[in-house]
Amino acid sequence: MRHQSLFSAAILGAALLVGATACGKKKITECNQLIEVINKGVESLNKTPKGGGTDPTGANELKGMADAMDKVAAEAAKVELTEPDLKKYSAEYQTMAKDVAKAARDMAAAAEAKDLAKINSAQAALDKAVKQEDPLVDSINKFCQAP
């Protein structure tokens with residue numbers, strides 16, 4: 001699915017950039033912890049089963065994507081952050097991940113029901129949620145690189 005590749009490229013770039021920062025240890029530790037959770041979520045997302053010929057609707061792939069995004073949101077919520085800006089970015093990322101999960105589940109249900117109008121509506125919601133990811137990662141990168 002094309003949405004998975006969007007997550008992979010943006011998040012893996014964030015991990016590389018955090019290592020280059022020369023700011024306080026606490027900030028680096030918190031940045032690395034959050035990015036590690038996000039990266040693991042991306043890895044999980046990339047391992048979701050692909051529908052192929054056995055799932056012509058793509059519903060199983062969408063459900064796997066939803067489960068992966070819900071998990072990354074839950075894991076990100078567990079990361080203890082003290083930096084106010086990083087807390088804000090984490091909360092925004094969690095919201096985005098939950099929005100992606102909801103839209104993916106809605107789209108799976110619509111695909112199984114063969115309801116074209118609901119498929120289109122869910123696709124629009126999914127696209128809107130996914131578009132939030134790049135700016136969030138950029139914000140995390142800028143914060144984590146700043147002294």
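Computed from a prediction, not measured in an experiment: that's the story for all the values here.
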Beyond-backbone contact of V37 with Q33, side-chain heavy atoms, under 4.5 angstrom: no

For [X], which residues count as a side chain to side chain contact (heavy atoms under 4.5 Å, CB included) partner, sequence neighbours excluded?
{"X": "E36", "result": "K40"}
{"X": "A101", "result": "A66, M69, D70, R105"}
{"X": "K87", "result": "L81"}
{"X": "T95", "result": "D99"}

Work out which heavy atom in [X] is nearest to a heavy atom in [Y]; give both atom names and the distance.
{"X": "Y89", "Y": "I140", "answer": "CB-CG1, 3.7 Å"}
{"X": "A59", "Y": "A108", "answer": "O-CB, 3.7 Å"}
{"X": "G41", "Y": "V72", "answer": "CA-CG2, 3.8 Å"}
{"X": "A129", "Y": "M96", "answer": "O-CG, 3.3 Å"}
{"X": "L126", "Y": "M65", "answer": "CD1-CE, 4.2 Å"}

Residue list, salt bridge (Lys or Arg N to Asp or Glu O under 4.0 Å) with K88, at least two apart or on another chain: E92

Residues in salt bridge (Lys or Arg N to Asp or Glu O under 4.0 Å) contact with K102, at least two apart in sequence or another chain: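 Salt bridge (Lys or Arg N to Asp or Glu O under 4.0 Å) list for K102, sorted by chain: D106.
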
Please name all residues satisfying side-chain hydrogen bond (donor to acceptor under 3.5 Å, both in side chains) with [X], sequence neighbours left out, ordered by chain then number.
{"X": "Q94", "value": "S90"}
{"X": "K63", "value": "E112"}
{"X": "S121", "value": "none"}

Just how far is it from atom [atom1] of [X] to atom [atom2] of [Y], taken to the nearest 0.5 Å?
{"X": "N141", "Y": "L136", "atom1": "CG", "atom2": "CG", "value": "11.0 Å"}
{"X": "Q123", "Y": "L62", "atom1": "CD", "atom2": "CG", "value": "8.5 Å"}
{"X": "D115", "Y": "N120", "atom1": "CG", "atom2": "CG", "value": "9.0 Å"}
{"X": "Q132", "Y": "Y93", "atom1": "CD", "atom2": "OH", "value": "11.0 Å"}
{"X": "T29", "Y": "L34", "atom1": "OG1", "atom2": "CG", "value": "12.5 Å"}

Distance-only donor-acceptor check, side chains E43 and N39, under 3.5 Å: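 No.
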
Inter- and intrachain pairs under side-chain hydrogen bond (donor to acceptor under 3.5 Å, both in side chains), touching residues 77-86, at least two apart: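 Qualifying pairs: K26-T82, E30-T82, E75-K78.
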
Flag, side chain of K27 to backbone of F143, donor-acceptor distance under 3.5 Å: yes

